[in-house]
Amino acid sequence: MQLHPTIDAAHGMARIEDAWAELFADALAALPSDQRGALVDATPALRALGATLGHRRDAHPG
């Protein structure tokens, strides 16, 4: 059996993601430019980490 979120749940998650994105953008803007640059430079590695975690999650569903 596979569960799927309701439309209300999907909308709720979208609102949560939007709130986190705003919070993240505000925090990022508050950092000094050298630290923002370091995060931009780390973006490819962070994306690769996210992809690896996603593949592991998909391979081992809970």
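Computation of the quantities below employed the complete heavy-atom set of this structure, encompassing side-chain atoms and omitting hydrogens, waters and symmetry-equivalent molecules.
Enclosure of atom CG in Leu23 by more than 12 non-hydrogen atoms of other residues, nucleotides or ligands within 6.0 angstrom is indicated.
Two residues are said to be in side-chain contact when any heavy atoms from C-beta on lie closer than 4.5 Å; Arg57 and Leu53 fail this criterion.
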Could you pull out every donor-acceptor pair under 3.5 Å between side chains of residues 28-51 and any protein atom, sequence neighbours left out?
{"residue": "Arg36", "atom": "NH1", "partner": "Leu31", "partner atom": "O", "Å": "2.3"}
{"residue": "Thr43", "atom": "OG1", "partner": "Leu39", "partner atom": "O", "Å": "3.1"}
{"residue": "Thr43", "atom": "OG1", "partner": "Val40", "partner atom": "O", "Å": "3.0"}

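Connection of Met13 to Trp20 is established within a shared hydrophobic cluster, with ILVMFWY side chains joined at heavy-atom distances below 4.5 Å, either directly or through further cluster members.
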